[in-house]
J.: 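Please find one structure pasted underneath; my questions will follow.
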Amino acid sequence: MASSAQSGGTSGGPAVPTVQRGIVKMVLSGCAIIVRGQPRGGPPPERQINLSNIRAGNLARRAAATQPDAKDTPDEPWAFPAREFLRKKLIGKEVCFTIENKTPQGREYGMIYLGKDTNGENIAESLVAEGLATRREGMRANNPEQNRLSECEEQAKAAKKGMWSEGNGSQTIRDLKYTIENPRHFVDSRHQKPVNAIIEHVRDGSVVRALLLPDYYLVTVMLSGIKCPTFRREADGSETPEPFAAEAKFFTESRLLQRDVQIILESCHNQNILGTILHPNGNITELLLKEGFARCVDWSIAVYTRGAEKLRAAERFAKERRLRIWRDYVAPTANLDQKDKQFVAKVMQVLNADAIVVKLNSGDYKTIHLSSIRPPRLEGENTQDKNKKLRPLYDIPYMFEAREFLRKKLIGKKVNVTVDYIRPASPATETVPAFSERTCATVTIGGINIAEALVSKGLATVIRYRQDDDQRSSHYDELLAAEARAIKNGKGLHSKKEVPIHRVADISGDTQKAKQFLPFLQRAGRSEAVVEYVFSGSRLKLYLPKETCLITFLLAGIECPRGARNLPGLVQEGEPFSEEATLFTKELVLQREVEVEVESMDKAGNFIGWLHVDGANLSVLLVEHALSKVHFTAERSAYYKPLLSAEETAKQKKEKVWAHYEEQPVEEVAPVLEEERSASYKPVFVTEITDDLHFYVQDVETGTQLEKLMENMRNDIASHPPVEGSYAPRRGEFCIAKFVDGEWYRARVEKVESPAKVHVFYIDYGNREILPSTRLGTLPPAFSIRVLPAQATEYAFAFIQVPQDEDARTDAVDSVVRDIQNTQCLLNVEHLSAGCPHVTLQFADSKGDVGLGLVKEGLVMVEVRKEKQFQKVITEYLNAQESAKSARLNLWRYGDFRADDADEFGYSR
């Protein structure tokens, strides 16, 4: 504690008291304070100073718990106002003092002045002048200080201040309440509104005693969401501080002790109240965390009303800088590169309710466990039949629901993975099996935390950790909150309802059951299924949800390379490309919803048939990618032609199973004379080009009828305008729609997403638009399609292949829009197809073929047709294609790509 030099004086005179300085830490009563020094490397020294020559009333004192007969002592009149007078004047301020007397018991009495020297305000005189203290009885005024005290007291009496006012001062006695009968009700009744309070005592950095105003409740408040190092009480009654306990206590004391604060009462724990203390200079909870004096605690962080994420962020700040209690901290992912901590990956498989397999950008596969959650499990004694093998997916309650939730949400999708920690490998014990090293992470898709979604549906539970275990989810608080909601709403595992039971029959390898089931599956045609497991490129295990059974399924029509097999006494090696075929099938169909057509079964009870994924036949895809050959049994199936076509394409590439294929010489066939092609061109007006290179035209001959109808319709609408918002659109209905030019046109409703998003098709022009229903109205009957049919007709170009590659297709569409949109052309229908008629289109002036021009520019490839009447025009198109290829125009700029990567460009030969 700082002290000034002694004042000068003669060597023989009385000793002049030393002037010492300090900061007021606490006001014990109207005549006693605790002064501390400046902190240097730890909490500073303290000393109690009692004011000389005056007396103030004693504050209330609670009876000792060890003395059951003792009673609480109330405040003496004017004791609390005296304490408050000093508290507001001195707390945290610098004072100077002189010690005049020290008793044998060590009590020190002296004079206290506000400020750095004795010229400051004399605290004793101020108290007496306010009538909050009296001169000690029997004291004679025999020196200047005592004379001034006497004068101050006389003035206070004359002015009837404080204790000299009328009455006995009973109004200054507090009605202190040391206990609360119902803490929960008391907290709830405050509705989390700030309560004014004075901090009376700091037990440790995160626990204080507070006097709640204006009702004088003296309560213990624990800071919500955190815990500071504490003082451990030993058997002999002494206290041993944990590391940084004293520093944390001083940090809180120096900022809050005997300060006016506001407290948000958030919850209660036994007789203690959980709350947040607000001070004009900041939030002590977050400050303690940020300075490394406290750690977050899971059991109370949920009640912190100002956002648990703020506390976690403050704690993370201290951890990253290794402040105080975190000086030895090592982050769970400290040894990982940034690219391994956060990455985007594609989900290939859901292993169970808390783990997935993802494919990284490098092509590698990685198993990811969802951080801090536990999948459903069997509770208590295992009630399973001892002779029956446990199938966790179907026999553990809610395991199937959890797996299905993840499968439908994630399979085939790209997710964001943030690694939280690496759980090291653990050996097996008597009760726990061995675990390999696990990468635990937070997985999100579209901003949704998958683990949180799983927990909120009651399909997983949150793991509880030791307080010092930092290996947990970076969103642990959200997981706890989601679990609390699931419990409250009785979701899933927390439901009181009967547990769902999945009775799934496994027909795999059971020949007898398979025989009984075969006719049913054959009659069903295409059945929905989920691929549960991939044994090889052409052998899979399927779950049929409607039939609730598992079957082994073999792909029909192909001969796939056999994989490696473990036989008794030896390991049979797999055929070339068997692993590639298995991987191809896995990536395409594992755990995806597919359709199957069952044709037959083999002797082992395996079903044989066709499997379709996203509209594609898996047998054809395997052949197309040179991972299988066509089997002779495919000849009698409806898929024989596409299989042969795919095999021809694969053979030409000479890859994988066809790497050593030698093409057999083909005998030349004499050309056949073509039949006559019908050419009857009619004038049309092109109104719209679509993104897939189709186009809409109006018949020029009926153009005047449309113009007249539009004019009459708009005049009718102008005289009887539709009431905005009165029209309720329905899919397939004809209506009128206001285009961007402000004019009304006839249209058809194609889809209604919402009143603000209605998809319409302009039936006379072929273009589409999304409009709010306020820009739609009822089509007057006088202008319906019965009066004049829809004038826009859809066509496609004959003899060309529309590029499947998006960029190539865009180039072709842009060229056509530039050349023919909103112009008159000549049109001839060449052949019909399921979608729309295929035509050739000529420019009206030059009679040049538009489709042939696209081929010449190298923007499209020729579609070779075998009809005799088209051979002449096909030859012309092919010659144009050869010219474009020679000049390396557009598609051909890298040469002839068709031999090895036509699929990549969206073409097939």
J.: Does the side chain of Tyr533 reach to within under 4.5 Å of the side chain of Val531, using non-hydrogen atoms?
T.: no

J.: Can you check side-chain contact (heavy atoms from CB on, under 4.5 Å) on Arg562 and Ser536, steps first, answer last?
T.: CA-CA 8 Å; Arg562 284 177 175 270; Ser536 69; over 6 Å; no

J.: Is the shortest side-chain N to carboxylate O distance from Glu806 to Arg809 below 4.0 Å?
T.: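 No, this pair does not count.
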
J.: Hey, would you say the Phe799 and Phe797 ring centroids sit under 6.0 Å apart?
T.: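 No, too far apart.
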
J.: If you define the side chain from C-beta out and look only at heavy atoms, does anything of Ile558 sit under 4.5 Å from Val630?
T.: no

J.: Could you state the interatomic distance from OG1 (Thr840) to CG (Leu827), rounded to the nearest 0.5 Å?
T.: 7.0 Å

J.: Can you see whether His631 engages Glu559 through a side-chain donor-acceptor pair at a distance of less than 3.5 angstrom?
T.: no

J.: Does atom CG of Asp602 have more than 12 heavy-atom neighbours, drawn from other residues, nucleotides or ligands, at distances under 6.0 Å?
T.: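 Atom CG in Asp602 is packed in, count exceeds 12.
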
J.: Taking atom CD as the centre, does Gln338 end up with more than 12 heavy-atom neighbours from other residues, nucleotides or ligands that are less than 6.0 angstrom away?
T.: yes

J.: Taking 4.0 angstrom as the limit, do Glu655 and Lys653 come out as a salt bridge?
T.: no

J.: Of all the heavy-atom pairs spanning Asn828 and Ser680, show the shortest one and how long it is.
T.: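 Taking every non-hydrogen atom into account, OD1-N, 2.7 Å.
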
J.: A side-chain contact here means heavy atoms from C-beta on lying under 4.5 Å apart; do Lys629 and Glu647 qualify?
T.: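 Yes, close enough: below the 4.5 Å cut-off.
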
J.: Are Ile689 and Ile820 side-chain neighbours, meaning at least one heavy-atom pair lies under 4.5 Å?
T.: yes

J.: Considering only NZ, NE, NH1 and NH2 on the basic side and carboxylate oxygens on the acidic side, decide whether Lys346 and Glu587 come within less than 4.0 Å.
T.: no

J.: Tell me if a side-chain donor or acceptor on Thr418 pairs with a main-chain N or O of Gln342 at a distance below 3.5 Å.
T.: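 Absent.
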
J.: Taking side chain as C-beta onward, heavy atoms only, is Thr439 less than 4.5 Å from Thr367?
T.: no

J.: Between Arg391 and Met399, is a side-chain contact (heavy atoms from CB on, under 4.5 Å) present by the stated rule, with each step listed?
T.: CA-CA 10 Å; Arg391 300 179 302 172; Met399 180 68 91; over 6 Å; no

J.: Would Val839 and Phe695 satisfy side-chain contact (heavy atoms from CB on, under 4.5 Å), going step by step from the backbone distance to the final call?
T.: CA-CA 10 Å; Val839 302; Phe695 53 92; 3.5 Å; yes

J.: Would Val415 and Thr444 satisfy side-chain contact (heavy atoms from CB on, under 4.5 Å), going step by step from the backbone distance to the final call?
T.: CA-CA 6 Å; Val415 295; Thr444 60; over 6 Å; no

J.: Counting distance only, does the side-chain N/O of Thr875 pair as donor-acceptor with the main-chain N or O of Gln871 below 3.5 Å?
T.: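 Side chain of Thr875 to backbone of Gln871: a pair is present.
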
J.: Got a donor-acceptor contact below 3.5 angstrom from the Gln821 side chain to the Val686 backbone?
T.: no

J.: Going by ring pair (Phe, Tyr, Trp, His ring centres under 6.0 Å), name the pairs with one or both residues in residues 574-603, residues two or more places apart or in two chains.
T.: Phe584-His625

J.: Identify the two heavy atoms, one from Ala581 and one from Leu622, that lie closest to each other, and give their separation to 0.1 Å.
T.: O-CD2, 4.2 Å

J.: Who are the salt bridge (Lys or Arg N to Asp or Glu O under 4.0 Å) partners of Arg403, not counting sequence neighbours?
T.: Glu532

J.: Is there a donor-acceptor contact under 3.5 Å from the side chain of Arg592 to the main chain of Leu588?
T.: yes

J.: Could you give me the CA-CA distance, side-chain angles and deciding distance for Glu750 and Arg768, then say whether salt bridge (charged side-chain N to carboxylate O under 4.0 Å, His left out) is met?
T.: CA-CA 9 Å; Glu750 290 193 321; Arg768 289 175 166 81; 3.0 Å; yes

J.: With no hydrogens and no angle check, just 3.5 Å: does a side-chain donor-acceptor pair link Tyr696 and Asn767?
T.: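 Checked: Tyr696/Asn767 side chains show no N/O donor-acceptor pair below 3.5 Å.
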
J.: So Ile800 and Val862, do their side chains get closer than 4.5 Å, heavy atoms only?
T.: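 They are not in contact (no side-chain heavy atoms under 4.5 Å apart), so the answer is no.
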
J.: Can you classify the ring geometry of His612 versus Tyr639 as parallel (below 30°), tilted (30 to 60°) or perpendicular (above 60°)?
T.: tilted

J.: Excluding sequence neighbours, so at least two apart, what forms side chain to side chain contact (heavy atoms under 4.5 Å, CB included) with Lys847?
T.: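 Counting only residues at least two positions away or on another chain, Lys847 forms a side chain to side chain contact (heavy atoms under 4.5 Å, CB included) with Leu826, Gln842.
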
J.: Got a second to check how far Ile450's CD1 is from Phe405's CZ, nearest 0.5 Å?
T.: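 The CZ atom of Phe405 is 5.5 Å from CD1 of Ile450, to the nearest 0.5 Å.
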
J.: Atom CG of Asp510 and atom CG of Asn606: how far apart are they, to the nearest 0.5 Å?
T.: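 Spacing of CG (Asp510) from CG (Asn606) equals 11.0 Å.
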
J.: Count the heavy atoms belonging to other residues, nucleotides or ligands that lie under 6.0 Å from NZ of Lys656, then report whether that count exceeds 12.
T.: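 Yes, the 6.0 Å shell around NZ holds more than 12 heavy atoms from other groups.
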
J.: Using the salt bridge (Lys or Arg N to Asp or Glu O under 4.0 Å) rule, collect all pairs that involve residues 575-584, keeping only residues at least two apart or in two chains.
T.: none

J.: With no hydrogens and no angle check, just 3.5 Å: does a side-chain donor-acceptor pair link Thr548 and Tyr543?
T.: no

J.: Taking everything shown except Glu528 itself, do over 12 heavy atoms lie less than 6.0 Å from its CD?
T.: no

J.: For the NZ atom on Lys651, are there more than 12 heavy atoms of other groups (residues, nucleotides or ligands in this structure) within a distance under 6.0 Å?
T.: yes

J.: Could you state the interatomic distance from CD (Glu830) to OG (Ser678), rounded to the nearest 0.5 Å?
T.: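 One finds 8.0 Å between CD of Glu830 and OG of Ser678.
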
J.: Check salt bridge (Lys or Arg N to Asp or Glu O under 4.0 Å) between Lys541 and all other residues, then give those that pass, not counting sequence neighbours.
T.: Asp506

J.: Using every non-hydrogen atom in the two residues, find where Pro642 and Ala638 come nearest and quote the distance to one decimal.
T.: CD-O, 4.3 Å

J.: Just verifying a value: how many Å separate Phe400 CZ and Tyr394 OH, rounded to the nearest 0.5 Å?
T.: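 Here the rounded value is 6.0 Å.
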
J.: May I ask you to test the Tyr365-Met348 pair for a side-chain heavy-atom distance under 4.5 Å?
T.: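 When only atoms from C-beta onward are counted, Met348 and Tyr365 do touch, with a gap below 4.5 Å.
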
J.: Locate the shortest heavy-atom distance separating Ala650 from Trp658; write the atom from each residue and the value.
T.: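 Scanning both residues completely, I find the closest heavy atoms to be CB-CD1, 3.7 Å.
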
J.: Could you tell me if the side chain of Trp892 sits less than 4.5 Å from the side chain of Gln881, heavy atoms only?
T.: yes

J.: Rounded to the nearest 0.5 Å, how far apart are NZ of Lys872 and OH of Tyr877?
T.: 14.0 Å

J.: Compile the donor-acceptor pairs under 3.5 Å between side chains in residues 811-818 and protein atoms, sequence neighbours left out, one pair per line.
T.:
none

J.: Over all heavy atoms of both residues, which pair between Ile445 and Lys409 is shortest? Give the atoms and the distance, please.
T.: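 Nearest pair, atom of Ile445 first, then Lys409: CD1-O, 3.8 Å.
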
J.: Closest heavy-atom contact between Thr687 and Asn822?
T.: O-OD1, 4.0 Å

